[in-house]
Structure formats: structure tokens, C-alpha cells
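The block underneath contains the structure these notes are about, expressed in C-alpha cells.
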Amino acid sequence: FMESVIPAPRAELSRYVPRMESFTIKADKIGAVIGKGGETIKDITAKTGAQIDIEEDKEKNVGIVTIYATSPEMLEAAKKRINALTAEAEPGKIYDGVVTGIKEFGAFVEILPGKDGLCHISELSDKRVRAVEDVCKVGDKMRVKCLGVDDRGRIKLSRKAAMAELDAQANA
């Protein structure tokens, strides 16, 4: 009888069905998601309308984040904010960043919320750069490629490598 009414399950849930999703984050990132006095997590719940629970699994050294939301948009907004807070720079990935500081040896570029890397003056262009200010100023958007992260957590960036890779993709 059920088959005559609906032959197969629906491909997607109704948009009115409450959602729940769990995922893990590194244990040392739990504090970043919660924030000082719960400030960050309260802000995420207030702006997205989702409920967020975080548990620490000491055996696996991870945090288990569970998001409860009444719409898919709420769930995605909360997940996106948490992922931005817990993201790590990936070597080889191209980021759209913002120049946050300039020194004579290079530019500091924020590639993730609260995560800056150094784009050395030699990595700003494939031509010789006399001064960093000739290429960028504080507040400029800049595409950079992550070349790596050293053992002290410092992120090395290259505008020159990002431009070369993007040009190669455009010409392919």
C-alpha cells in the first residue's frame, strides 16, 4: 500500500524539518569557538538562530560540535562560522586575503579570520619590487598562495605563485 502512495523516499527533506549535524574539530580549537566567557558561541547562536553544543573527547583529542537548526540555511550559517574559526592554512591553497600590515620586508595578509601570513617582498611580483607600497597598501584585497607553515605556526604566502597558478588555469 505504501508503494502506491510514495514509491521511494524523497531525495531531500522538507525545508521545515529541523536539522542536526555533528562534526569534529581539534581539541585546541574548542576555546576559539566558545570564546571569552562564551562570547563567540553566544554571538553565533544569536546571529544564526542555531543551537550549538560542544563536547570534548579526551581519548581522541577532538571536540565534537553538534548544531541544531530549524532550517538548512541556519545550519549552514552556523557551520560556516565555526569552520572559519577553526580553519588552518593549507599549503598549496589559494586564499583571498586582506593586507593588514606592511613592513619593508613584506606584507602581512589575513587569509582566515584571525590568521595572518607574511608575503615576503620577493614573493609579491615576478618583477623586482622596490618597495612593498608599490604593490599594495593596508586594506587592499590580495590573492595569495600558502607556501607552507613553519614549526612555529608562521604562514608563508606568495602573491607571485598565486598569480602564476591562476594565469595557468585561465590559459588551460
Side-chain angles (χ1 to χ4, degrees), residues 21 23-50 52 54 56 61-63 65 67 69 71-172:
E21 187 172 332
F23 55 94
T24 59
I25 60 174
K26 289 184 177 179
D28 61 347
K29 299 288 184 181
I30 294 172
V33 175
I34 294 172
K36 185 178 165 190
E39 192 177 294
T40 306
I41 198 165
K42 285 177 189 171
D43 182 57
I44 296 170
T45 57
K47 289 186 176 161
T48 64
I52 302 166
I54 302 176
E56 184 176 5
N61 197 30
V62 296
V65 178
I67 303 172
S71 76
E73 294 82 15
M74 292 165 84
L75 184 109
E76 277 308 308
K79 187 175 177 183
K80 188 176 180 181
R81 301 252 329 245
I82 292 169
N83 284 338
L85 289 167
T86 60
E88 302 265 333
E90 295 176 41
K93 187 173 178 184
I94 294 179
Y95 294 93
D96 289 319
V98 177
V99 178
T100 57
I102 291 180
K103 300 285 185 206
E104 63 276 353
F105 53 83
F108 289 95
V109 182
E110 183 177 48
I111 57 170
L112 296 165
K115 294 236 188 276
D116 287 13
L118 174 66
C119 186
H120 191 268
I121 191 168
S122 65
E123 293 292 338
L124 285 171
S125 176
D126 52 358
K127 296 173 178 59
R128 188 179 186 306
V129 176
R130 189 182 54 79
V132 177
E133 292 84 0
D134 294 344
V135 177
C136 62
K137 61 185 184 304
V138 173
D140 283 356
K141 291 185 192 277
M142 183 185 293
R143 279 200 147 160
V144 290
K145 182 175 184 174
C146 178
L147 299 178
V149 181
D150 70 10
D151 55 353
R152 291 171 52 192
R154 296 180 300 189
I155 303 167
K156 185 177 179 187
L157 304 171
S158 173
R159 179 175 174 261
K160 176 171 66 173
M163 291 182 348
E165 188 172 317
L166 293 168
D167 284 346
Q169 289 174 1
N171 294 331

Lys145 and Tyr95: CA distance, side-chain angles, deciding distance, side chain to side chain contact (heavy atoms under 4.5 Å, CB included) verdict: CA-CA 6 Å; Lys145 182 175 184 174; Tyr95 294 93; over 6 Å; no

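- Shown here for Thr40 and Gly35, the closest heavy-atom pair between the two residues is OG1-CA, 3.3 Å.
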Steps toward salt bridge (Lys or Arg N to Asp or Glu O under 4.0 Å) verdict (Lys79, Glu21): CA-CA 9 Å; Lys79 187 175 177 183; Glu21 187 172 332; 2.5 Å; yes

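- Atom CD of Glu76 sits about 9.0 Å away from atom CG of Asn83, to the nearest 0.5 Å.
- Side-chain atoms of Val144 and Ile111, non-hydrogen and from C-beta on, do get closer than 4.5 Å to each other.
- When side chains are defined from C-beta on, Leu124 does not count as touching Asp134, because their heavy atoms never get closer than 4.5 Å.
- Listed here is the closest heavy atom pair of Leu85 and Ile44: CD1-CD1, 3.9 Å.
- Using a cut-off of 4.0 Å between Lys/Arg side-chain N and Asp/Glu carboxylate O, Lys115 and Glu110 are scored as not salt-bridged.
- Across every non-hydrogen atom of Ala69 and Met74, the tightest pair is CB-CB, 3.8 Å.
- Within the 4.5 Å cutoff, the side chain of Lys156 has no heavy atoms near those of the Asp150 side chain.
- Here the side chains of Ile25 and Val33 are in contact, with some heavy-atom distance below 4.5 Å.
- Between Leu166 atom CG and Arg143 atom CZ the span is 5.0 Å, to the nearest 0.5 Å.
- For the pair Val65 and Thr24, the minimum side-chain heavy-atom distance is 4.5 Å or more.
- Heavy-atom contacts from other residues, nucleotides or ligands closer than 6.0 Å to CD of Gln169 number more than 12.
- Of all heavy-atom pairs spanning Cys119 and Val109, the tightest one is CB-CG2, 4.4 Å.
- You'll find the side chain of Ile30 reaches within 4.5 Å of the side chain of Glu56, heavy atoms only.
- Residues Asp140 and Val98 fail the side-chain proximity criterion, which asks for heavy atoms closer than 4.5 Å.
- Taken from CD1 in Ile102 to CD in Glu133, the straight-line distance is 5.0 Å, to the nearest 0.5 Å.
- Atom CD in Glu165 sits 10.0 Å away from atom OG in Ser158 (nearest 0.5 Å).
- In this structure, Thr48 contributes its side chain and Ala77 its backbone to no donor-acceptor pair below 3.5 Å.
- A 4.5 Å side-chain heavy-atom check between Phe23 and Ile82 finds at least one atom pair inside the cut-off.
- For Glu123 and Arg159, the salt-bridge test fails: no basic side-chain N is under 4.0 Å from an acidic carboxylate O.
- Between the CD1 atom in Ile41 and the CG atom in Asp43 there is a gap of 11.0 Å [rounded to 0.5 Å].
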CA sep, side-chain torsions, deciding dist, call: Leu118, Leu157, side chain to side chain contact (heavy atoms under 4.5 Å, CB included): CA-CA 6 Å; Leu118 174 66; Leu157 304 171; over 6 Å; no

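- Taking both residues in full, the closest heavy atoms of Met142 and Val99 are given as CE-CG2, 3.7 Å, listed atom of the first, atom of the second, then distance.
- Here CD1 of Ile155 is found 7.5 Å from CG of Asp116. Values are rounded to the nearest 0.5 Å.
- Under a 4.0 Å N-O distance rule, the pair Asp126/Lys160 does not qualify as a salt bridge.
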